[in-house]
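Down below is the structure, laid out as structure tokens.
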Amino acid sequence: MAIVNSIKKVRNHLEITIDSEHICITKSTFQERALKEGQEIDLEEYKQFVLLHQYKPALQHAADLLAAKGYAEKELERTLIRGGYLPETAEMVVTKLKTLGLLNDELYAETYIDSHANAGYGENRIKQDLRRKGIDEETVRNLMESLDPLVLKENVLVLARRGMQKRHPGESLQKRNQRILSMLVRRGYAYEDARQAIAEVREELGETDEDEEVPSYDEQLAGAVEIVRKVLSRSLDQDPQKTTQRILGMLARRGFPYDLSRDAIALVMHETEDD
């Protein structure tokens with residue numbers, strides 16, 4: 001027999017811990033067979049009870065979600081679990097919807113790529129979003145090959161031109177270029193592609209002052225390294241993995257490319273090891 005360790009209310013569902021296993025269920029299901037902390041139960045039998053009561057409501061909930069917008073398979077599964085359904089319930093629902101032809105990762109990814117490329121997003125951002133949604137690497141890679149490089153180049157040029165039209169009071173050309181570079185990188189364009197786009201638009205505008213050019217990769221790396229050093233100096237006792245993720249997020253918000261940010265962190269970590 002298993003022991004009910006804890007029962008917690010979380011938003012619109014309950015989180016129950018039974019012998020260190022966490023079960024999220026809706027309040028209505030819990031009310032049909034309420035538990036108490038410290039109670040002994042048959043864990044597998046209780047999970048079967050929950051599964052039988054959850055399946056139809058979960059299937060209807062998933063159908064409602066799909067009626068509002070498209071979902072990738074893993075994304076929908078995670079959404080159902082966050083809504084209080086068992087992982088087993090979510091998996092059964094996703095399998096059923098795939099059988100009915102209502103879920104298709106390849107079709108979803110193809111539509112997502114087309115719409116976001118047309119909206120001006122770059123390859124890196126689109127790939128990152130699809131991976132986060134649970135689309136497998138091979139599907140993403142194959143579908144991204146269908147993107148027209150000329151369309152992507154024109155998109156980044158359009159965004160660069162638009163950025164240069166938005167001048168901020170007292171902003172130097174160098175700061176303007178850095179602002180646009182950061183915006184383009186956040187949009188998902190490779191650092192060198194973004195830098196080249198800014199150079200082409202500057203040429204269109206007749207700008208020739210080399211002192212106002214976009215910083216090189218090495219200059220960007222040096223700036224990122226300084227930020228990493230400062231953050232790490234204040235985070236020596238914190239979890240290294242969480243600190244790394246926090247630094248990556250901070251650098252991304254400032255427009256530093258992901259690979260450059262990883263390089264900066266690795267360099268500073270190497271300095272620390274040498275010390």
Side-chain angles (χ1 to χ4, degrees), residues 1-113 115-116 125-140 143 239 241-242 245-246 248-249 252:
M1 300 295 285
I3 302 295
V4 179
N5 305 120
S6 65
I7 302 172
K8 297 180 181 179
K9 294 181 180 179
V10 181
R11 295 188 294 276
N12 62 337
H13 65 272
L14 297 171
E15 289 186 358
I16 305 173
T17 304
I18 304 174
D19 278 4
S20 300
E21 181 167 350
H22 301 287
I23 298 176
C24 295
I25 65 172
T26 58
K27 293 179 181 178
S28 59
T29 301
F30 180 79
Q31 289 170 356
E32 291 188 38
R33 189 169 170 182
L35 301 176
K36 294 181 180 180
E37 292 185 2
Q39 179 180 345
E40 288 189 354
I41 66 167
D42 184 325
L43 178 57
E44 292 307 316
E45 188 275 334
Y46 184 73
K47 287 175 66 175
Q48 187 63 26
F49 157 79
V50 174
L51 181 62
L52 290 173
H53 283 69
Q54 280 188 344
Y55 178 70
K56 286 186 178 180
L59 185 60
Q60 182 59 55
H61 182 48
D64 292 341
L65 290 172
L66 288 173
K69 70 165 194 168
Y71 278 85
E73 294 167 17
K74 291 294 183 183
E75 181 186 22
L76 181 60
E77 193 171 314
R78 290 194 294 261
T79 300
L80 290 173
I81 292 171
R82 287 196 300 270
Y85 298 102
L86 286 175
E88 293 87 345
T89 305
E91 184 179 355
M92 286 178 62
V93 167
V94 167
T95 300
K96 179 66 174 178
L97 292 170
K98 286 171 62 178
T99 302
L100 295 173
L102 299 176
L103 270 182
N104 185 313
D105 269 0
E106 185 171 349
L107 181 59
Y108 173 83
E110 185 176 0
T111 302
Y112 191 94
I113 290 171
S115 64
H116 282 69
R125 172 68 176 274
I126 295 172
K127 288 179 181 177
Q128 182 181 359
D129 287 349
L130 289 175
R131 292 185 187 118
R132 179 173 51 81
K133 290 173 179 292
I135 306 295
D136 70 85
E137 189 70 29
E138 185 177 359
T139 298
V140 173
L143 290 175
D239 180 82
Q241 187 173 4
K242 290 184 178 179
Q245 291 302 316
R246 183 163 63 87
L248 286 173

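Bear in mind that the values here come from a model prediction, so they are computed numbers and not experimental data. One is the number of the first residue; the rest follow in order along the sequence.
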Nearest-0.5 Å distance, [atom1] of residue [X] to [atom2] of residue [Y]:
X: Glu77; Y: Thr95; atom1: CD; atom2: OG1; value: 8.0 Å
X: Leu102; Y: Leu66; atom1: CG; atom2: CG; value: 6.5 Å
X: Ile135; Y: Glu75; atom1: CD1; atom2: CD; value: 8.0 Å
X: Ile126; Y: Leu143; atom1: CD1; atom2: CG; value: 11.0 Å
X: Ile16; Y: Gln39; atom1: CD1; atom2: CD; value: 10.0 Å
X: Asn5; Y: Thr17; atom1: CG; atom2: OG1; value: 6.0 Å

Original post:
Should we count NZ of Lys27 as having more than 12 external heavy atoms under 6.0 Å?
Top reply: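 Yes, NZ of Lys27 has more than 12 neighbouring heavy atoms, counting only those of other groups under 6.0 Å.
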
Original post:
Got a sec, which residues hit side chain to side chain contact (heavy atoms under 4.5 Å, CB included) with Ser115, two or more places apart in sequence or on another chain?
Top reply: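 Once residues adjacent in sequence are excluded, Ser115 has no partner under the side chain to side chain contact (heavy atoms under 4.5 Å, CB included) criterion.
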
Subject >> For Glu15, all residues meeting side chain to side chain contact (heavy atoms under 4.5 Å, CB included), sequence neighbours excluded >> reply: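 Per chain and number, Glu15 pairs via side chain to side chain contact (heavy atoms under 4.5 Å, CB included) with Val10, His13, Cys24.
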
Subject >> Side-chain heavy atoms of Ile113 within contact of Val140, under 4.5 Å >> reply: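 No, side chains not in contact.
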
Original post:
Does some side-chain heavy atom of Tyr46 sit less than 4.5 Å from a side-chain heavy atom of Ile25?
Top reply: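 Yes, at least one pair of side-chain atoms sits under 4.5 Å.
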
Subject >> Worked check of side-chain contact (heavy atoms from CB on, under 4.5 Å) between Asp105 and Asp136 >> reply: CA-CA 9 Å; Asp105 269 0; Asp136 70 85; 5.5 Å; no

Please name all residues satisfying salt bridge (charged side-chain N to carboxylate O under 4.0 Å, His left out) with [X], sequence neighbours left out, ordered by chain then number.
X: Glu73; value: Lys98
X: Arg132; value: Asp129
X: Lys96; value: none

Please name all residues satisfying side chain to side chain donor-acceptor pair (under 3.5 Å) with [X], sequence neighbours left out, ordered by chain then number.
X: His61; result: none
X: Glu137; result: Arg131
X: Glu110; result: none
X: Glu45; result: Arg33

Provide the closest heavy-atom pair for [X] versus [Y] in the form atom of the first, atom of the second, distance.
X: Val93; Y: Ala58; value: CG2-CB, 3.8 Å
X: Leu65; Y: Tyr71; value: O-CE1, 3.5 Å
X: Glu106; Y: Thr139; value: CA-CG2, 4.2 Å
X: Asp42; Y: Met1; value: N-CE, 3.7 Å
X: Ile7; Y: Leu35; value: CD1-O, 3.4 Å

**OP:** Please work out whether the ring planes of His116 and Tyr112 are parallel, tilted or perpendicular, with thresholds of 30° and 60°.
**Re:**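 Parallel.
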
Subject >> Test item: Asp19 side-chain N/O and Ile3 main-chain N/O as donor-acceptor pair under 3.5 Å >> reply: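 Answer holds: yes.
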
**OP:** Kindly determine whether Thr29 and Phe49 satisfy side-chain contact (heavy atoms from CB on, under 4.5 Å), including the steps that lead there.
**Re:** CA-CA 9 Å; Thr29 301; Phe49 157 79; 4.3 Å; yes

**OP:** If a pair satisfies salt bridge (charged side-chain N to carboxylate O under 4.0 Å, His left out) and one of its residues is in residues 50-63, list it, with sequence neighbours excluded.
**Re:**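 Non-adjacent pairs meeting salt bridge (charged side-chain N to carboxylate O under 4.0 Å, His left out): zero.
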
Original post:
Which residues pass the ring-ring contact (aromatic ring centres under 6.0 Å, His included) test with Tyr55, sequence neighbours left out?
Top reply: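 Result, ring-ring contact (aromatic ring centres under 6.0 Å, His included) vs Tyr55: none returned.
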
Show me the donor-acceptor pairs within less than 3.5 Å that the side chains of residues 81-91 make with the rest of the protein, sequence neighbours left out.
{"unit_1": "Arg82", "atom_1": "NH2", "unit_2": "Thr79", "atom_2": "OG1", "d": "3.4"}
{"unit_1": "Glu88", "atom_1": "OE2", "unit_2": "Lys47", "atom_2": "NZ", "d": "3.4"}
{"unit_1": "Thr89", "atom_1": "OG1", "unit_2": "Gln54", "atom_2": "OE1", "d": "2.8"}

